[in-house]
Every structure is written in structure tokens, then in C-alpha cells.
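Contents: one structure, followed by commentary.
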Amino acid sequence: MQRIRLRYTKRGRLRFTSHRDFQRAFERALRRAEVPMAYSAGFTPHPKVSYANAAPTGTGSEAEYLEIALTEARDPERLRLLLDESLPAGLDIVEAVEARTSGLADRLTASVWELRLDGVEAADAERAVAAFNSAEAVEVQRRTKNGVRTFDARSAVASLESAGADGSPADRPTDRPCAILRLVVRHVTPAVRPDDVLSGLSAVADLAPPVPAAVTRLAQGLFDEETGAVTDPLAPDREAEAPEPHPAAAAAAAKASA
């Protein structure tokens, strides 16, 4: 059985696609591309697809990951192209590697986010960021199915900085100021999301964008405590050496090419 790991995006209007909607679209793409999927056992077999830490509905992403299991070996790049052609524009398969290591989910310990705040001056954003970073704890509330939950949004934030202002449009045209924030947040329990950090900025500095922020995940991977960087989770698979073919298989391949 071959395992392939894929990185895909949610861009533009497709950021409003829920995780369940993406699952349905991806399984249709698997059928259209005639991918030889492995299936689970039981009365209702389903394709073996493992999704890892999907972004919340309404946020864009350049770094979503999943893994599929195949019954027959396929070239990862060829498979990527076939699947990408079978998905709508905006849900793009941008990378595929053969899984040669274990623990992809364990390597997703932090995310890098970009928050575009339309209608917010860069100076106001910088003051709010400074207040947030200087706080020992920033309590925020989130409504859950079990009621309102209060938790600290500060402890999970590895870094938060203002990237200044950007006059270019995000997902909607505007001639108003637009402040840009860059956020690195650890994946903890309970999960701290970008909207929780925005709630924290409102709590400590009364920062309230006039329109909802445009949020995009730029990367996710293993957090390096020494450098503060978020590393590429597919790098170990690319760097691992392919296993040596069995002697009988190598002889057969040589005979076929002769």
C-alpha cells in the first residue's frame, strides 16, 4: 500500500468552504481522477483519507494537509495534477509527496497566520499588538455547544507583529487603510484561533476593525522553539531516501527496459 501526502489551499471565495464540503469535493475528485484508493473495512467502506488540522470555515489557507492510501503505486506529481484538475479553482492541490516517514499530524504543532484588517490604521494596529504582547494573560470568551468558555489567548501565541499597512485589496476592493498582522500560534488545547487573538486585541486595546478581518493561514508545521520558525512538515518525506527495490523487482524492471 502506498501513502501520498498532499498540501492544498483554500483561496478567494472558497475560503468559505466548510471542512465537510471539502471532504465531499475531494472524494468526488478521487473518483473523477480514478485514483486506486484503499478502503476501510466494515459495512460502510470509505476511502482511506486522513485530514490534519483543517482551517476554520471562513479563513483562507495556503497550507492544508491530508494523506491518502492507495492500493497501487502512482507517481505523486502525476496524481497531484489529476486531482487538481478535478477540483474547483481555489481548492488547489499544490504539492504531493510519497509518505516515507510517520507522524504527519505530530509535525503540525503551530500555524503562521496573516490577518488583514481593512479600515485599521497601521499605527493603531501596532499599539494594539504592543499591548497584547506585553500582557501576561489575555482572557477571551468563545461560545461553544456547551455554553460560553473563557480561556487565555496569550499563552499560545509564539509571536504577533504588525507588518505595517498594505494598500492592495484582499478579497474585496477598498480604498481605506489596511493594517497587516502576522501571527504564529501554537496548536494547544483548547485551540486558540485567529479570531480569539482578534478578541484579545479588542480586550486589551479596544481594537475593533469596522469589517471582518481577512484571515489566511500561510504555513503550518513543527514549531522550532529556538528560532521561532515553523518548519515544512513534508520536508522529512522529501529528504528520506526511497527504499531500495527488491532484487527480483529490479531485475524485472531492467528486463522490461531492455
Side-chain angles (χ1 to χ4, degrees), residues 1-11 19 22-23 26-27 29-30 33 35-40 46-56 59-87 91-114 156-159 182-189 191-194 216-247 249-250 253:
M1 182 182 296
Q2 183 188 37
R3 294 179 297 125
I4 301 291
R5 289 170 176 165
L6 305 171
R7 177 168 69 91
Y8 67 95
T9 70
K10 289 172 57 180
R11 295 169 172 162
H19 182 55
F22 174 78
Q23 286 179 304
F26 184 68
E27 290 188 12
L30 290 172
V35 178
M37 290 296 299
Y39 279 78
S40 63
H46 58 273
K48 288 189 175 181
V49 183
S50 299
Y51 300 93
N53 196 40
T59 63
S61 181
E62 294 295 312
E64 301 296 286
Y65 294 92
L66 60 82
E67 180 178 302
I68 59 177
L70 311 183
T71 57
E72 300 175 11
R74 290 290 187 270
D75 175 66
E77 178 60 17
R78 175 61 179 162
L79 181 64
R80 184 195 71 79
L81 291 172
L82 289 172
L83 289 172
D84 189 50
E85 291 171 357
S86 301
L87 285 168
L91 297 178
D92 304 319
I93 308 294
V94 294
E95 190 171 4
V97 300
E98 184 170 1
R100 292 174 176 156
T101 63
S102 61
L104 173 63
D106 294 336
R107 296 200 290 269
L108 303 180
T109 63
S111 289
V112 182
W113 298 92
E114 179 185 86
V157 175
S159 68
R182 292 291 173 88
L183 166 69
V184 178
V185 61
R186 297 179 181 87
H187 299 167
V188 297
T189 302
V192 173
R193 305 182 306 204
T216 302
R217 174 148 59 192
L218 302 179
Q220 64 171 321
L222 190 65
F223 182 70
D224 189 321
E225 294 287 349
E226 292 186 1
T227 65
V230 175
T231 62
D232 181 0
L234 299 184
D237 295 301
R238 287 194 299 269
E239 295 167 0
E241 294 184 1
E244 291 293 330
H246 189 276

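FYI, the numbering just counts along the sequence from 1.
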Donor-acceptor pair, [X] side chain versus [Y] backbone, under 3.5 Å?
{"X": "Gln220", "Y": "Ala63", "value": "yes"}
{"X": "Asp237", "Y": "Arg100", "value": "yes"}
{"X": "Arg107", "Y": "Pro233", "value": "yes"}
{"X": "Thr71", "Y": "Pro36", "value": "yes"}
{"X": "Thr231", "Y": "Leu222", "value": "yes"}

Flag side-chain contact, heavy atom, 4.5 Å: Arg238 against Glu95:
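The answer is yes; the side chains approach within 4.5 Å.
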Indicate yes or no: at least one non-hydrogen side-chain atom of Leu234 is less than 4.5 angstrom from one of Leu104.
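Yes, at least one pair of side-chain atoms sits under 4.5 Å.
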Kindly write out the residues that satisfy salt bridge (charged side-chain N to carboxylate O under 4.0 Å, His left out) with [X], not counting sequence neighbours, or none if the list is empty.
{"X": "Arg78", "result": "none"}
{"X": "Asp92", "result": "Arg11"}
{"X": "Glu72", "result": "Arg74"}

Where is the tightest heavy-atom contact between [X] and [Y], given as atom of each residue plus distance?
{"X": "Phe223", "Y": "Val184", "answer": "CE1-CG1, 3.9 Å"}
{"X": "Met1", "Y": "Ala38", "answer": "CE-CB, 3.8 Å"}
{"X": "Leu183", "Y": "Val157", "answer": "CD1-CG1, 3.6 Å"}
{"X": "Leu30", "Y": "Val49", "answer": "CD1-CG2, 4.1 Å"}
{"X": "Thr101", "Y": "Ala240", "answer": "CG2-CB, 4.4 Å"}

[X]: what forms a side-chain contact (heavy atoms from CB on, under 4.5 Å) with it, not counting sequence neighbours?
{"X": "Thr59", "value": "Ala55, Pro56, Trp113, Val215"}
{"X": "Ala33", "value": "Val35, Leu82, Leu83, Ser86"}
{"X": "Ala96", "value": "Ile4, Leu6, Pro76, Arg80"}

Residues in side chain to side chain donor-acceptor pair (under 3.5 Å) contact with [X], at least two apart in sequence or another chain:
{"X": "Asp75", "answer": "none"}
{"X": "His187", "answer": "Asn53, Ser111"}
{"X": "Glu64", "answer": "Ser61, Arg217"}
{"X": "Glu67", "answer": "Arg3, Arg5"}

Partner residues of Tyr39 under the ring-ring contact (aromatic ring centres under 6.0 Å, His included) criterion, sequence neighbours left out:
none
ring-ring contact (aromatic ring centres under 6.0 Å, His included) involving Phe26 - partner list, sequence neighbours excluded
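For Phe26, the residues satisfying ring-ring contact (aromatic ring centres under 6.0 Å, His included) (neighbours in sequence not counted) are Phe22.
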